[in-house]
Number of protein chains: 2
Amino acid sequence: MENTAFKEQKKFQDIFWKANETRNGICPVRDIIARISDKWSMLTIYALGGYGTLRFNEIKRLIGDVSQRMLTVTLRNLETDGLVERKVFPEVPPRVEYNLTPLGFSLLEQLVQLGGWAEQNSAAIIKNRKAQ
Amino acid sequence: MENTAFKEQKKFQDIFWKANETRNGICPVRDIIARISDKWSMLTIYALGGYGTLRFNEIKRLIGDVSQRMLTVTLRNLETDGLVERKVFPEVPPRVEYNLTPLGFSLLEQLVQLGGWAEQNSAAIIKNRKAQ
DNA sequence: ATTAATAGTTACTTTTGGTAACTCAAAATT
DNA sequence: AATTTTGAGTTACCAAAAGTAACTATTAAT
């Protein structure tokens, strides 16, 4: 009974286990979920991935509906995790440039995949919602 | 100057645009981000993907630290979007079974990829955090 | 007779997210 | 010359979301 479906199931069980197992207090998968699952992190990474180096207000304008406070918080968190690099130029008015680190770019590739799935399947999801 | 790096950049710009563009009031990518980016949706999908059909309390025990209220809310949302199917058996005590729909399984595959990335890169992220 | 199990719901509290106003100094506008 | 704008934030406040604890009904087990 070692068919492919069962092997797939085993693989997913393994992933669930990883998604739930803590090692010295931290679960890697949950930790990443927590990092990217706030409202603005993914969009910020998309913006920096798409346009390269950007200044604070350039990101803000690209995203459109993010507040200064939330963009600040988001960028600080991404910086802390080493996904985004922050360069301050001692000028007036201030000039701060952001860009993705190699780690940030590797996450971007995952998010691009996810974005592709969203594009392909959003019509089905919206249809399901309306059917309720 | 049409090198591969530039092509990649174009591709990411395209993705950012998709991640930000609204069509009749809804942005597909943001919509999906909003759906899966609550704390419990991804873990619930992982659990159902890994173990197949599960009852309410089985999911709760697998995840461990989700409250009844939040698991109920999460499952209802996933059901509304057509990612999870809910079957009620008219028994006492009540019996309700959940499992992923084909749409849910297709999302699971994306989340498994993301989980893999998390596994591979969490050590680097934790190291970056400590370096602050 | 009391306790446990199932799948929730309800009321309440805490945490997180969002809004608006404010900062500073220089450059541009009136 | 005086006001406004720009840039990158910060601070105080308020709304929304998430978490906690207690409660529901019915049956089977202790």
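Throughout, a chain's letter reflects where its sequence line sits, starting with A, and its residues are numbered from 1. Being a predicted model, the structure only gives us computed values, none of them experimental. Worth knowing before you read on, the calculation uses all heavy atoms, side chains too, and leaves out hydrogens, waters and symmetry mates.
Atom pair B:Asp65:CG and D:dA21:P shows a separation of 14 Å (rounding to whole Å applied). In this structure, B:Glu91 atom CD and D:dA28 atom C1' are separated by 14 Å, rounded to whole Å. Nucleotide D:dA8 holds its P atom 9 Å from the CD atom of A:Glu97, rounded to whole Å. One can place CZ of B:Phe56 at 11 Å from P of C:dT6, the figure rounded to the nearest angstrom. Rounded to an integer number of Å, the gap from B:Leu54 CG to C:dA7 C1' is 15 Å. Taking atom CD1 of B:Ile33 as the reference point, atom P of C:dG17 lies 15 Å away to the nearest angstrom. Counting to the nearest Å, the C1' atom of C:dA25 and the CZ atom of A:Arg95 are 17 Å from each other. Nucleotide D:dA21 holds its P atom 17 Å from the CG atom of B:Leu71, rounded to whole Å.
Side-chain nitrogen and oxygen atoms of A:Arg86 include at least one within less than 4.0 Å of the OP1 or OP2 phosphate oxygen of D:dG9. Under 4.0 angstrom from either OP1 or OP2 of D:dG7 there lies no side-chain N or O belonging to A:Tyr98.
Both A:Leu75 and A:Pro93 sit near DNA chain D, but only A:Pro93 has its closest nucleotide nearer the 5' end.
The listed nucleotides are C:dT6, D:dG7, C:dA7; the one nearest the side chain of B:Gln68 is C:dA7. Closest contact between the side chain of A:Arg55 and the listed nucleotides C:dA7, D:dA8, D:dT27 involves D:dA8.
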Measure all distances between protein nitrogen or oxygen atoms and nitrogen or oxygen atoms of nucleotides 15-18 of chain D, and list the pairs falling under 3.5 Å.
| unit_1 | atom_1 | unit_2 | atom_2 | d |
| --- | --- | --- | --- | --- |
| D:dA18 | N7 | B:Arg69 | NH2 | 3.2 |

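Ion pairing between A:Asp14 and A:Lys10 fails under the 4.0 Å rule for side-chain N and carboxylate O. A salt bridge is defined here as a Lys NZ or Arg NE, NH1 or NH2 lying under 4.0 Å from an Asp or Glu carboxylate O, and B:Asp65 with A:Arg30 meets this definition.
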Quiz item: Under the side-chain hydrogen bond (donor to acceptor under 3.5 Å, both in side chains) criterion, do B:Asp38 and B:Ser41 qualify, and how do the steps go?
Solution: CA-CA 6 Å; B:Asp38 57 290; B:Ser41 287; 2.7 Å; yes
Quiz prompt | Chi angles and distances behind the salt bridge (Lys or Arg N to Asp or Glu O under 4.0 Å) call for A:Arg129, B:Asp31 | solution = CA-CA 12 Å; A:Arg129 267 179 216 165; B:Asp31 191 51; 3.1 Å; yes
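Between the B:Glu119 side chain and the B:Gly116 main chain, no donor and acceptor come within less than 3.5 Å of each other.
A distance of 5.5 Å separates OH of B:Tyr46 from CD1 of A:Ile33, quoted to the nearest 0.5 Å.
Residues satisfying the ring pair (Phe, Tyr, Trp, His ring centres under 6.0 Å) criterion with A:Phe16, sequence neighbours excluded, are B:Tyr51.
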